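Reviewing the structure listed below.
Throughout, a chain's letter reflects where its sequence line sits, starting with A, and its residues are numbered from 1. Note that this is a predicted model, so its numbers are computed, not measured.
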Amino acid sequence: MNTQNIFQELKWRQVIYDSTPNCESLLKLKNISCYNGFDPTAPSLHIGNLIAIVGLIRFQKFGHSPIALIGGTTGMIGDPSGKNEERNLLSKSDIDHNVEAIQLQLMNILDTKSKNNPVKIINNKDWLENIQLVDFLRDVGKFFSVNSMLAKDSVKGRIDRESGISFTEFTYQLLQAYDYLKLFEKYNCQLQTGGSDQWGNIITGINLISKVLGNKEKLNQPHGIVYPLLTDSSGEKFGKSTGGNITINPAETSPYKFYQFFFNVSDIDVIKYLKIFTNKNYKEIKILEKSTLNEPQKRIAQKELAANLTTLIHGPGGLEKAEGITRALFQGNLINLDSKEILDVLEDSNITEISKNELEGEGVKYSELVVKSKMAKSLSEVRRLVSQGGLFLNDTKIENADKLVTISDLIKGSIILLRRGKKNYTILRIIR
RNA sequence: GCAGGGAUUGGGGAGUGGUUAAACCCAGCAGUCUGUAAAACUGCCGCCCUCGGCUUCACAGGUUCGAAUCCUGUUCCCUGCACCA
């Protein structure tokens, strides 16, 4: 399959949930500028944002000029889309902090240096921050009919509920529409992308542009494309993993964990994700599809997916680490490595430090070490796990939670390996 | 402001004086099977020194041999009505 234009490309990858009429003909005919917004509601982007990020990269690849818009100011208000409760406002300083962090992340992932069409990273604070209320109401508010604002799903759903919607959030759609207008004016931005919950906001923006600037000729009209909301085969929202969201911040979600998340994607989902997130072409994906069908236990498709995305987010170095840890944990005899190698390989996993004299003499109860390392919340939990055969010390199953751990249990004199279940490891490192 | 209803273990939601650490569902965790998959099945799912003990049912007091369950006060939430606009 040969994709001529970005629209075709997105289509066969099945990431177009909806798009405005004639969007394709526009994208076929010329290179445009397009944007996708990112909310600074958390200190890190997470893999729910991946589809949008990869989207920007694809547009760039096809010669378009993408803009990543950080909602520094809209984040102060809160988008009611997709929420059924009023949100708590984040403090200004939190938002500032988030904006900075997200900006940095985007800069690392996206190509902002390309000569022809670098990705621009912009903050809507630039035009929203100092806006005058009365001016805004006169210049922008006049174009909005409350009637149609009320009809928006995001608003209607909330009005029907008892909790209602605050004026603040109700106003949100004006701001996002205004963003599109500004970007349209400043950068001739003709396409907004987003999750499917953004459809209403995008259309509102398009309408505002046409009202403010009048009808332009076809080639200059604004458009929108929305991506599907991703769910896995069991209907769960994509990206929710046991133990919290998978973020792209290595301090929160280590490259190893990130890699493992994709490594563990089920056979049913993996091909879909490869299409959505990677650059693999039709042929390559066909091959992987066959492999998943015929020799699923090899997990070739999962490995490709994990490797691809880990590299995108954490770079080749991150991938190397992730693969190293994976090898050590799942194929190797970890305890045969020397402690230095183990630490090296497990650099990113959980490490708890304990002092050597705790182990001297009689030693410490295993159960206490487990709690200390946060592998279990309480001693009760440790006992429970032990009775179910789910806890290990240096890869040996523990039968008695109160077993004493002493210096003789140290691997090569310096570390202890704790394991819970099949996949969770923690290292205890001895400090003086 | 008036009247009524409600706050239970992560979420949902039983429970109206004792046999209730509290039904049931979801989520979660571990195990078996396997392929670090899916499904299925088993066990667990307040804390502890676990055939036992301790602390929990918004908060603070009280009644009682005994309370999540009854009374009083407080806080918060909801639903009507009114007031304001």
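Between the side chain of A:Asp39 and the backbone N or O of A:Thr41 there is no donor-acceptor pair closer than 3.5 Å. The backbone N or O of A:Leu10 lies less than 3.5 Å from no partner atom in the side chain of A:Arg58, so there is not a single donor-acceptor pair. Although no hydrogens or angles enter the test, the distance criterion places a donor-acceptor pair under 3.5 Å between the side chain of A:Ser373 and the main chain of A:Val370. Judged by distance alone, the side chain of A:Asn201 and the main-chain N or O of A:Gln176 form no donor-acceptor pair under 3.5 Å. At least one donor-acceptor pair closer than 3.5 Å links the side chain of A:Asn49 to the backbone N or O of A:His46. Under the 3.5 Å distance criterion, the side-chain polar atoms of A:Arg138 are left unmatched by any main-chain donor or acceptor of A:Val140.
Annotation for A:Gln297: atom CD counts as buried by contact number, over 12 foreign heavy atoms lying within 6.0 Å.
Here the options are A:Leu369, A:Leu391, A:Ile398, the test is side-chain contact (heavy atoms from CB on, under 4.5 Å), and the partner is A:Val382; only A:Leu391 passes.
Contact annotation: A:Ser387 does not reach the phosphate of B:C44 (side-chain N/O to OP1 or OP2, under 4.0 Å). Residue A:Asn424 places at least one side-chain N or O under 4.0 Å from the OP1 or OP2 atom of B:A30. Residue A:Lys423 places no side-chain N or O under 4.0 Å from the OP1 or OP2 atom of B:G35.
The residue A:Arg384 sits close only to the backbone: its heavy atoms come under 4.0 Å of sugar-phosphate atoms, none of a base. Using a 4.0 Å heavy-atom cutoff across all strands shown, A:Ser380 reaches at least one base atom of the nucleic acid. Within the nucleic acid shown, A:Arg420 comes within 4.0 Å of sugar-phosphate atoms alone, with no base atom in reach, counting heavy atoms only. Using a 4.0 Å heavy-atom criterion, one finds that A:Gln260 contacts the bases of the nucleic acid, with or without backbone contacts as well.
Going from atom CD of A:Gln302 over to atom P of B:A37 covers 10 Å, rounded to whole Å. Summarising the geometry, the separation between CZ on A:Phe330 and P on B:U34 is reported as 18 Å, rounded to the nearest angstrom. If you measure from atom CD of A:Gln388 to atom C1' of B:C29, you get 8 Å, rounded to the nearest angstrom. Going from atom CD1 of A:Ile300 over to atom P of B:U36 covers 14 Å, rounded to whole Å. Put simply, CZ on A:Arg327 is 16 Å from P on B:U36, counting in whole angstrom units. Here the C1' atom of nucleotide B:A30 and the CE atom of A:Met375 are 13 Å apart, to the nearest Å. Taking atom CZ of A:Phe262 as the reference point, atom P of B:A37 lies 17 Å away to the nearest angstrom. Between A:Leu293 atom CG and B:A38 atom P the separation is 18 Å, expressed in whole Å.
Remark: the separation of the P atoms in B:A38 and B:C33 is 16 Å, to the nearest Å. On the C1' atoms, B:A39 is 33 Å away from B:A22, given to the nearest whole Å. Going from the C1' atom of B:A7 to that of B:U69 covers 14 Å, rounded to whole Å. Taking atom P in both B:G46 and B:A40, the straight-line distance is 24 Å, to the nearest Å. Between the C1' atoms of B:C81 and B:A68, the separation comes to 33 Å (whole Å). Taking atom P on both B:U56 and B:G10, the two are 16 Å apart, rounded to the nearest angstrom. Atom C1' of B:G31 sits at a distance of 50 Å from the matching atom of B:C71, rounded to the whole Å. When the C1' atom is used for both B:C83 and B:G66, the distance is 48 Å, rounded to whole Å.
Interatomic distance, A:Ile415 CD1 to A:Asn394 CG, rounded to the nearest 0.5 Å: 8.0 Å.
Taking the nucleotide of RNA chain B with the nearest heavy atom to each of A:Asp267 and A:Arg383, the more 5' of the two is matched to A:Asp267. Between A:Arg419 and A:Lys422, the residue anchored closer to the 5' end of RNA chain B is A:Arg419, taking for each the nucleotide with the nearest heavy atom.
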Close N/O contacts between protein and nucleotides 51-56 of chain B (under 3.5 Å):
none

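In summary, A:Arg13 and A:Glu9 engage in a salt bridge, as defined by a charged side-chain N under 4.0 Å from a carboxylate O.
The partner of B:C2 is B:G80, judged by Watson-Crick or G-U wobble contacts that both fall below 3.5 Å. When both pairing distances are held under 3.5 Å, B:C24 makes a Watson-Crick or G-U pair with B:G12. Pair check for B:G73 finds B:C59; Watson-Crick or G-U wobble, both atom distances under 3.5 Å. For B:G35, there is no paired nucleotide, since no Watson-Crick or G-U wobble pair has both relevant distances below 3.5 Å.
When each of B:G43, B:A37, B:G35 is scored by its nearest atom to the side-chain atoms of A:Ser266, the top-ranked nucleotide is B:A37. Ranking B:U32, B:A38, B:G35 by closeness to the A:Ile268 side chain, first place goes to B:A38. For A:Leu379, taking side-chain heavy atoms from C-beta onward, the closest of the listed nucleotides B:C49, B:A30, B:G35 is B:C49.
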